[in-house]
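What follows is a short report on a single structure.
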Amino acid sequence: MQTETKPRLINRLNRIEGQVRGIARMIEEDRYCIDLLTQLQAVRAALHRVETEVLKDHLDHCVMGAMTGDDPLDRRAKAEELIELLGRAGR
(Lines give C-alpha, C1' and ligand atoms only; values in the text may rest on other atoms or scores of the structure.)
Protein backbone atom coordinates (compact mmCIF):
# COMPACT_ATOMS: atom_id res chain seq x y z
CA MET A 1 0.00 0.00 0.00
CA GLN A 2 1.23 3.46 -0.86
CA THR A 3 2.48 5.45 2.12
CA GLU A 4 0.35 8.47 1.22
CA THR A 5 -2.78 6.31 0.96
CA LYS A 6 -2.57 4.89 4.48
CA PRO A 7 -3.43 8.02 6.51
CA ARG A 8 -6.41 8.78 4.29
CA LEU A 9 -7.76 5.24 4.64
CA ILE A 10 -7.15 5.16 8.40
CA ASN A 11 -9.00 8.47 8.73
CA ARG A 12 -11.96 7.12 6.73
CA LEU A 13 -12.04 3.90 8.75
CA ASN A 14 -11.99 5.86 12.00
CA ARG A 15 -15.00 7.86 10.80
CA ILE A 16 -16.77 4.64 9.83
CA GLU A 17 -16.00 3.22 13.28
CA GLY A 18 -17.65 6.29 14.80
CA GLN A 19 -20.67 5.83 12.55
CA VAL A 20 -21.03 2.21 13.64
CA ARG A 21 -20.84 3.21 17.32
CA GLY A 22 -23.52 5.80 16.59
CA ILE A 23 -25.73 3.13 15.04
CA ALA A 24 -25.31 0.97 18.14
CA ARG A 25 -26.43 3.92 20.28
CA MET A 26 -29.40 4.46 17.98
CA ILE A 27 -30.43 0.84 18.47
CA GLU A 28 -30.06 1.16 22.26
CA GLU A 29 -32.23 4.30 22.13
CA ASP A 30 -34.90 2.55 20.01
CA ARG A 31 -34.54 5.06 17.20
CA TYR A 32 -36.78 4.96 14.16
CA CYS A 33 -35.98 2.06 11.80
CA ILE A 34 -35.64 4.25 8.70
CA ASP A 35 -33.05 6.39 10.49
CA LEU A 36 -31.10 3.22 11.34
CA LEU A 37 -31.34 1.93 7.79
CA THR A 38 -30.18 5.28 6.43
CA GLN A 39 -27.11 5.17 8.67
CA LEU A 40 -26.41 1.55 7.74
CA GLN A 41 -26.50 2.48 4.06
CA ALA A 42 -24.10 5.33 4.74
CA VAL A 43 -21.66 2.96 6.46
CA ARG A 44 -21.92 0.45 3.62
CA ALA A 45 -21.23 3.23 1.07
CA ALA A 46 -18.26 4.48 3.09
CA LEU A 47 -16.81 0.97 3.30
CA HIS A 48 -17.30 0.58 -0.44
CA ARG A 49 -15.27 3.77 -1.00
CA VAL A 50 -12.46 2.39 1.18
CA GLU A 51 -12.59 -0.91 -0.70
CA THR A 52 -12.41 0.93 -4.03
CA GLU A 53 -9.40 2.92 -2.86
CA VAL A 54 -7.57 -0.22 -1.70
CA LEU A 55 -8.36 -1.99 -4.97
CA LYS A 56 -7.15 1.00 -6.98
CA ASP A 57 -3.93 1.07 -4.98
CA HIS A 58 -3.47 -2.66 -5.52
CA LEU A 59 -4.02 -2.34 -9.26
CA ASP A 60 -1.77 0.72 -9.59
CA HIS A 61 1.15 -0.80 -7.73
CA CYS A 62 1.01 -4.54 -7.09
CA VAL A 63 -0.69 -5.64 -10.28
CA MET A 64 1.01 -3.14 -12.58
CA GLY A 65 4.34 -4.04 -11.02
CA ALA A 66 3.74 -7.71 -11.75
CA MET A 67 2.46 -7.08 -15.28
CA THR A 68 5.47 -4.97 -16.22
CA GLY A 69 7.93 -7.21 -14.38
CA ASP A 70 9.90 -10.15 -15.65
CA ASP A 71 8.28 -12.88 -13.54
CA PRO A 72 5.53 -14.74 -15.43
CA LEU A 73 4.54 -16.65 -12.26
CA ASP A 74 3.98 -13.36 -10.44
CA ARG A 75 1.84 -12.09 -13.33
CA ARG A 76 -0.24 -15.25 -13.25
CA ALA A 77 -0.60 -15.08 -9.44
CA LYS A 78 -1.81 -11.46 -9.53
CA ALA A 79 -4.32 -12.28 -12.28
CA GLU A 80 -5.64 -15.28 -10.35
CA GLU A 81 -5.96 -13.20 -7.17
CA LEU A 82 -8.09 -10.65 -9.00
CA ILE A 83 -10.25 -13.32 -10.62
CA GLU A 84 -10.86 -14.92 -7.22
CA LEU A 85 -11.61 -11.56 -5.62
CA LEU A 86 -14.09 -10.62 -8.31
CA GLY A 87 -15.71 -14.05 -8.05
CA ARG A 88 -16.24 -13.57 -4.31
CA ALA A 89 -17.67 -10.08 -4.91
CA GLY A 90 -20.23 -11.50 -7.30
CA ARG A 91 -21.74 -13.79 -4.70
Side-chain angles (χ1 to χ4, degrees):
M1 172 145 319
Q2 286 290 349
T3 306
E4 62 272 6
T5 305
K6 285 181 184 181
R8 192 171 58 248
L9 291 178
I10 295 298
N11 187 30
R12 283 185 182 189
L13 289 169
N14 286 336
R15 285 197 312 264
I16 292 167
E17 181 182 12
Q19 284 179 290
V20 171
R21 282 194 307 270
I23 292 169
R25 279 192 305 276
M26 290 174 74
I27 291 171
E28 289 171 351
E29 297 168 359
D30 294 320
R31 297 279 297 272
Y32 187 54
C33 295
I34 293 298
D35 294 339
L36 286 165
L37 292 167
T38 299
Q39 291 304 311
L40 287 166
Q41 287 177 337
V43 167
R44 189 175 19 252
L47 282 171
H48 181 71
R49 286 190 296 274
V50 170
E51 179 183 8
T52 299
E53 188 73 25
V54 172
L55 179 58
K56 181 183 179 309
D57 189 76
H58 181 65
L59 290 171
D60 287 348
H61 300 97
C62 302
V63 174
M64 287 305 296
M67 295 305 151
T68 58
D70 295 330
D71 186 351
L73 294 176
D74 192 29
R75 284 194 293 271
R76 168 61 84 188
K78 295 296 186 247
E80 288 176 1
E81 285 174 349
L82 285 175
I83 290 167
E84 184 179 327
L85 177 72
L86 294 173
R88 285 193 312 260
R91 294 182 200 152

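Everything quoted here is computed from the prediction, not taken from an experiment.
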H61 side chain vs D57 backbone, donor-acceptor pair below 3.5 Å: yes

Give the C-alpha distance, both sets of side-chain angles, the deciding distance and a yes or no for side chain to side chain contact (heavy atoms under 4.5 Å, CB included) between L82 and H58. CA-CA 10 Å; L82 285 175; H58 181 65; 4.2 Å; yes

If hydrophobic clusters are built from ILVMFWY residues whose side chains come within less than 4.5 Å, do I27 and L40 share one? yes

Would you sort out whether R75 and D71 count as a salt bridge (Lys or Arg N to Asp or Glu O under 4.0 Å), showing the intermediate values? CA-CA 6 Å; R75 284 194 293 271; D71 186 351; over 6 Å; no

Going only through I, L, V, M, F, W and Y residues with side-chain contacts under 4.5 Å, is there a path from I34 to L36? yes

Separation between CG of L73 and CZ of R76, rounded to the nearest 0.5 Å: 9.5 Å

Using every non-hydrogen atom in the two residues, find where A66 and K78 come nearest and quote the distance to one decimal. CB-CG, 3.4 Å

Count I, L, V, M, F, W, Y as connected when their side-chain heavy atoms are under 4.5 Å apart, and connections chain through other members. Are L37 and Y32 then in the same cluster? yes

Same cluster (ILVMFWY, side-chain, under 4.5 Å), L55 and V50: no

same_hphob_cluster(V54, L85) at 4.5 Å side-chain heavy-atom cutoff: no

Could you pull out all donor-acceptor pairs under 3.5 Å where a side-chain atom in residues 8-26 meets a protein atom, sequence neighbours excluded?
| unit_1 | atom_1 | unit_2 | atom_2 | d |
| --- | --- | --- | --- | --- |
| R8 | NH2 | E53 | OE2 | 2.7 |
| N14 | ND2 | I10 | O | 3.3 |
| E17 | OE2 | R21 | NH1 | 3.3 |

Between CG of D35 and CD of E29, what distance do you get to the nearest 0.5 Å? 11.0 Å

